[in-house]
Amino acid sequence: MTRTPIIAGNWKMNLLRADVTAYAEALAAAGPSGAQAPDNEVDVVLFPTPVYLGLAATAMPDWVAVGAQDVHAEDGGAYTGDVAAAQIVDAGASWALAGHSERRQYHGESNDDVARKARRALGAGLVPVVCVGETLEQRQQDQTEAILDAQLGAVLEVLAAAGGAGAGAVVAYEPVWAIGTGLSASPEIAASVHGHLRARLNGHQGGLGDSTRILYGGSVNADNCRDLIGRTDIDGFLIGGASLDPASFLRIIRLSTGSGDGS
Ligand code: PEP
């Protein structure tokens with residue numbers, strides 16, 4: 001089965017209103033950049049802060065989807081500061097991250113919380129992107145696979161439901177030690193972990209491995225993206241720092257999809 005690649009940008013708590021508009025203008029001016037040609041399809045997604053979801057959804061060209069960086073596990077109520085899946089959809093977004101390591105680290109989100117968030121997102125019609133990844137300490141203690149198995153195991157039912165609903169769901173492997181450090185996983189390490197995740201997905205009843213896209217995230221840039229995406233089980237990227245500048249993001253799209261030399 002051919003899996004459409006995804007190039008996604010996570011802006012985290014960065015950029016202001018004027019930046020969002022200028023970013024959208026830069027993407028629109030660049031055109032679909034060959035990335036949307038029928039033989040060269042790619043899903044391009046940006047994850048702005050929640051206050052700019054509506055703005056981004058309106059301003060971005062139609063080949064760019066918009067998603068939320070987090071989604072609450074309940075469908076509404078007394079949860080000050082949080083955002084419900086229905087509100088994200090209402091703002092014009094169609095994707096949502098669940099379980100980014102910064103949410104797990106700074107907001108104490110457990111595997112079970114992440115599964116509930118992903119389920120809620122899916123139920124509202126959003127494409128959930130479930131983030132998994134080990135810390136440096138866990139890698140050094142040879143716990144990588146055990147950690148990933150627990151993180152992935154918690155969401156297998158949601159991923160299965162996503163396949164059944166036709167909406168699809170996505171897994172993002174983001175080693176914590178590679179996020180924002182400039183120290184990307186080598187293509188060999190990333191490929192080996194992605195192969196492990198794919199096998200786990202295939203091992204679930206019915207097999208989810210063919211249909212579930214697995215992204216790599218962690219210091220992806222224009223210099224390393226081609227080597228990473230050349231690996232069989234790497235279906236695209238979740239990019240933090242290098243997605244903040246539209247020219248850099250476009251370069252990665254072009255290089256990763258083979259739709260140009262990145263210039
Ligand atoms: C991220 O935050 O998801 C990420 C991968 O960040 P960076 O690309 O900056 O490492």
Side-chain angles (χ1 to χ4, degrees), residues 5-15 19-20 23 42-50 52-53 56 64-71 93 95-107 109 114 117-118 121 126-136 138-139 144 147-148 151-152 155 169-187 189-191 193-194 197 213-229 231 233-256 262:
I6 300 170
I7 308 295
N10 172 16
W11 291 349
K12 312 192 185 193
M13 201 170 68
N14 294 298
L15 305 186
D19 304 314
V20 178
Y23 200 114
V42 58
D43 286 333
V44 177
V45 194
L46 286 169
F47 294 90
T49 44
Y52 300 133
L53 270 179
V64 180
V66 169
Q69 296 174 12
D70 180 42
V71 54
W95 295 59
L97 300 182
H100 189 282
S101 67
E102 286 150 17
R103 300 289 315 175
R104 292 179 189 261
Q105 183 181 352
Y106 302 131
H107 298 264
E109 292 183 6
V114 174
K117 284 168 179 258
L126 296 163
V127 179
V129 179
V130 178
C131 304
V132 299
E134 81 286 2
T135 63
L136 184 59
Q138 289 162 341
R139 170 159 285 272
T144 300
I147 293 295
L148 295 175
Q151 293 174 337
L152 190 68
V155 294
V170 176
V171 173
Y173 169 56
E174 299 209 298
V176 179
W177 46 271
I179 296 181
T181 59
L183 196 77
S184 169
S186 66
I189 288 181
V193 172
H194 280 236
L197 293 171
R213 290 175 285 179
I214 309 177
L215 309 184
Y216 168 76
S219 297
V220 172
N221 58 40
D223 293 330
N224 59 24
C225 63
R226 261 199 294 215
D227 283 347
L228 286 160
I229 208 157
R231 303 295 172 132
D233 287 310
I234 299 182
D235 300 319
F237 301 122
L238 181 55
I239 307 159
S243 75
L244 292 177
D245 169 35
S248 155
F249 189 57
L250 277 166
R251 206 171 306 128
I252 296 173
I253 296 172
R254 290 184 179 128
L255 289 165
S256 306

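Order of listing sets the numbers, starting from 1, for every ligand and every atom in it. All values below come from the heavy atoms of this structure, side chains included, with hydrogens, waters and symmetry mates left out. Residue numbers count from 1 along this sequence.
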Close N or O approach (T181, ligand 1; < 3.5 Å): no
Approximate separation, where rounding is to 0.5 Å, of I252 CD1 and S243 OG: 8.0 Å
Close-contact set for ligand 1 against H100 heavy atoms, below 4.0 Å: 1 (C), 2 (O), 3 (O)
Atoms of ligand 1 close to G218 [distance to a heavy atom under 4.0 angstrom, numbered from 1]: 5 (C), 10 (O)
D235 and P5, any side-chain heavy atoms less than 4.5 Å apart: no
N/O separation below 3.5 Å, G217 to ligand 1: no
Interfacing atoms of ligand 1 (cut-off 4.0 Å, heavy-atom, G180): 7 (P), 9 (O), 10 (O)
Any N/O pair A242/ligand 1 closer than 3.5 Å: no
For atom 7 (P) of ligand 1, the option (of A178, G240, C131) bearing the nearest heavy atom: G240
Mode of I179 contact toward ligand 1 - side chain, backbone, both, neither (heavy atoms, under 4.0 Å): both
W11-Y52 aromatic ring centre distance below 6.0 Å: no
Q69 side chain vs L97 backbone, donor-acceptor pair below 3.5 Å: no
Heavy-atom donor-acceptor pair, R104 side chain to C131 backbone, under 3.5 Å: yes
Side-chain donor-acceptor contact under 3.5 Å, Y173 with E134: yes
Per-atom contacts, ligand 1 versus G241 - under 4.0 Å to a heavy atom: 7 (P), 8 (O), 9 (O)
Short side-chain to backbone donor-acceptor contact, N224 and S219, under 3.5 Å: yes
Any N/O pair E174/ligand 1 closer than 3.5 Å: yes
